[in-house]
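All residue numbers refer to positions in the sequence shown, counting from 1.
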Amino acid sequence: MPSSITWCLLLLAGLCCLVPSCLAEDLQGDAVQETHATKDDKEQPQEPAEHKIAPNLADFAFSLYRHVAHQSNTTNIFFSPVSIATAFALLSLGAKGDTHTQILEGLSFNLTELAEAQIHDGFQHLLNALNHSDNQLQLTTGNGLFIDESAKLLDKFQEDVKNLYHSEAFSINFGDTEEAKKQINDYVEKGTQGKIVDLVKDLDKDTVLALVNYIFFKGTWEKPFEPESTTEQDFHVDEKTTVRVPMMKRRDLFDVQYSDALSSWVLLLDYKGNATAIFILPDQGKLQHLEDTLTKGILARFLENRHSRYANVSLPKLSISGCYDLKRILPELGINKVFSLEADLSGITEETSLTVSKALHKAVLTIDEKGTEAAGATIVEAIRTLLHTNVEFNRPFVLIIYDRNTKSPLFVGKVVDPTQK
């Protein structure tokens with residue numbers, strides 16, 4: 001056993017802003033790894049590679065959500081399962097033995113059902129699709145590897161992360177902790193267009209490698225809410241706590257339905273582009289039931305069987321964030337060796353005692369009225385006087401930001417208190 005231990009730092013940032021902005025920069029990458037198919041497979045229409053890993057990403061998203069939710073029922077939740085899974089899948093390229101197996105299984109992959117090459121191929125195509133999505137939607141992801149100037153990445157690992165995960169590599173002096181911290185934070189701040197700052201609060205001077213992943217998303221509603229219709233209303237945090245929040249309102253055709261299985265109202269709001277926001281409002285006292293019952297199968301049914309009805313919808317205008325120490329959370333999903341002295345990350349550098357000392361994830365969500373102009377919306381409201389369903393998101397609810405092209409959950413969250421930053 002080597003006498004010295006060197007550290008690997010894993011940092012993740014996610015951002016979801018539902019407001020218009022300038023175009024996000026693209027990350028370029030070419031597909032270089034092919035999955036070998038049998039002769040019979042070639043005769044059948046090929047399922048897109050990113051669709052093969054989508055069910056696993058959904059399983060991971062709900063599994064991680066439940067573990068975070070069980071830790072506290074009084075705080076907001078918001079994270080990007082795609083961002084977290086991408087970073088650890090990338091890390092698995094340099095892991096071996098039990099460390100390697102734990103990472104992939106902890107991300108909800110079954111290696112007897114999906115070959116490792118297919119997993120990485122899926123992430124490669126997922127990142128390509130997200131970074132080259134419809135220009136009506138601003139969506140970009142990035143991976144940055146910061147390697148200490150005294151160390152060197154192994155050629156195979158460096159080649160794989162560049163080709164499969166579009167990762168940039170930077171030489172850095174971790175001995176100068178303040179300057180190293182600034183370089184990493186600047187990278188995240190630039191990638192998220194200034195929305196996530198100071199992700200790294202402190203660094204260990206013995207750090208050898210920092211892996212940074214970010215995801216940035218800005219969408220505009222296909223049908224915006226009118227700002228003049230927004231009014232202050234009560235939001236019931238719990239039976240004893242009520243806060244005042246700006247509540248957006250619109251009476252219109254909505255894709256809204258009641259789910260007996262979830263004891264909840266389910267509202268789907270589309271962005272201009274290929275993403276959908278799914279808001280799930282449980283009946284009073286049924287939040288725990290919703291969290292325990294929601295699955296990828298139920299979610300798929302909402303997305304496949306869409307229908308509109310007239311409704312009065314009220315949705316809080318908010319800005320919340322979530323910050324998570326993954327070193328404390330992921331061991332509950334079976335990913336623990338990578339954070340211990342037993343970690344085998346010998347496929348990353350020649351440093352044989354590399355271990356992950358810190359894994360942070362931060363995500364930010366902003367929701368407001370803005371969107372593309374919706375000519376005729378007022379007219380629709382005026383000509384319909386039928387009885388409307390009232391759906392008021394004035395108590396804790398769950399939300400999912402879903403990319404329809406890749407069938408992936410970009411963000412998952414719970415709003416307990418819209419005034420809680």
Side-chain angles (χ1 to χ4, degrees), residues 12-18 21 23-35 37 41 45-61 79-90 92-93 104 107-109 114-144 160-168 191-193 212-220 222 268 270-278 296 299-300 303-304 363 400-412:
L12 307 97
L15 176 71
C16 176
C17 275
L18 315 190
S21 175
L23 289 176
E25 57 183 309
D26 281 335
L27 296 177
Q28 302 297 324
D30 298 321
V32 296
Q33 179 165 318
E34 297 179 355
T35 302
D41 289 336
Q46 289 295 304
E47 180 183 17
E50 63 273 25
H51 289 185
K52 293 179 182 179
I53 66 170
N56 308 88
L57 291 175
D59 284 338
F60 172 68
F79 65 90
S80 171
V82 164
S83 175
I84 297 171
T86 297
F88 277 86
L90 185 160
S92 76
L93 287 168
L104 293 180
L107 296 179
S108 297
F109 290 105
L114 196 64
E116 183 180 359
Q118 291 178 298
I119 294 172
H120 295 303
D121 191 44
F123 276 103
Q124 180 189 34
H125 283 81
L126 172 66
L127 296 176
N128 272 335
L130 294 181
N131 284 311
H132 298 88
S133 59
D134 192 316
N135 60 15
Q136 295 174 316
L137 204 63
Q138 296 176 53
L139 178 59
T140 187
T141 68
N143 293 294
D160 285 345
V161 298
K162 178 181 179 181
N163 293 334
L164 296 172
Y165 289 85
H166 317 298
S167 181
E168 302 174 90
T192 60
Q193 297 192 14
V212 180
N213 171 280
Y214 67 82
I215 181 168
F216 177 83
F217 171 84
K218 279 195 176 185
T220 58
E222 278 193 352
L268 277 65
D270 288 328
Y271 302 106
K272 194 172 184 182
N274 50 37
T276 297
I278 305 162
K296 63 185 178 187
L299 183 65
L303 291 161
E304 292 167 1
I400 300 166
I401 311 295
Y402 177 84
D403 182 75
R404 297 193 301 272
N405 279 358
T406 63
K407 299 185 177 182
S408 299
L410 301 178
F411 296 90
V412 176

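Every side-chain hydrogen bond (donor to acceptor under 3.5 Å, both in side chains) that Thr406 has, sequence neighbours left out, goes to Asp403, Ser408. Residues satisfying the side-chain hydrogen bond (donor to acceptor under 3.5 Å, both in side chains) test with Asn56, not counting sequence neighbours, are none. Partners of Ala61 by side chain to side chain contact (heavy atoms under 4.5 Å, CB included), not counting sequence neighbours, listed by chain and number: Pro81, Pro409, Val412. Evaluation of the side-chain hydrogen bond (donor to acceptor under 3.5 Å, both in side chains) rule for Lys162 yields no partner, not counting sequence neighbours. Lys407 pairs by the salt bridge (Lys or Arg N to Asp or Glu O under 4.0 Å) definition with nothing, not counting sequence neighbours. For Thr276, the side-chain hydrogen bond (donor to acceptor under 3.5 Å, both in side chains) test picks out Asp270, Arg404, with sequence neighbours left out. For the side chain to side chain contact (heavy atoms under 4.5 Å, CB included) test, residues two or more places apart in sequence or in another chain that qualify with Pro48 are Glu50, His51.
Rounded to the nearest 0.5 angstrom, Ile53 CD1 and Phe109 CZ are separated by 5.0 Å. Put simply, NZ on Lys296 and CG on Leu303 are 14.0 Å apart, with the number rounded to the nearest 0.5 Å. To the nearest 0.5 Å, atom CG of residue Asn213 and atom CZ of residue Phe88 are 10.5 Å apart. Rounding to the nearest 0.5 Å places OG1 of Thr141 at 11.5 Å from OH of Tyr165. Note: Leu130 CG to Asn274 CG = 8.5 Å, rounded to the nearest 0.5 Å. Considering CG of Leu126 and CG of Asn405, their distance stands at 11.0 Å, rounded to 0.5 Å.
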Stepwise side chain to side chain contact (heavy atoms under 4.5 Å, CB included) check, Val161 with Asn143: CA-CA 9 Å; Val161 298; Asn143 293 294; over 6 Å; no

Worked check of side chain to side chain contact (heavy atoms under 4.5 Å, CB included) between Thr86 and Phe123: CA-CA 7 Å; Thr86 297; Phe123 276 103; 3.7 Å; yes

Leu299 vs Ile400, side chain to side chain contact (heavy atoms under 4.5 Å, CB included): CA-CA, chis, key distance, verdict: CA-CA 10 Å; Leu299 183 65; Ile400 300 166; 4.0 Å; yes

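Of all heavy-atom pairs spanning Leu114 and Lys52, the tightest one is CD2-O, 4.0 Å. The two residues Leu164 and Leu127 come nearest to each other via the heavy atoms O-CD1, 4.2 Å.
Listed for the Asp121 side chain is no donor-acceptor partner under 3.5 Å among the backbone atoms of Ala117. Side-chain atoms of Asp59 do not come within 3.5 Å of backbone N or O of Ser108 as any donor-acceptor pair.
Considering only heavy atoms from C-beta on, Ile215 comes within 4.5 Å of Phe411 through its side chain.
Note: Tyr271 and Phe217 have perpendicular aromatic rings, judged against thresholds of 30 and 60 degrees for the angle between ring planes.
Glu116 and His120 share a donor-acceptor pair across their side chains, judged by distance under 3.5 Å alone.
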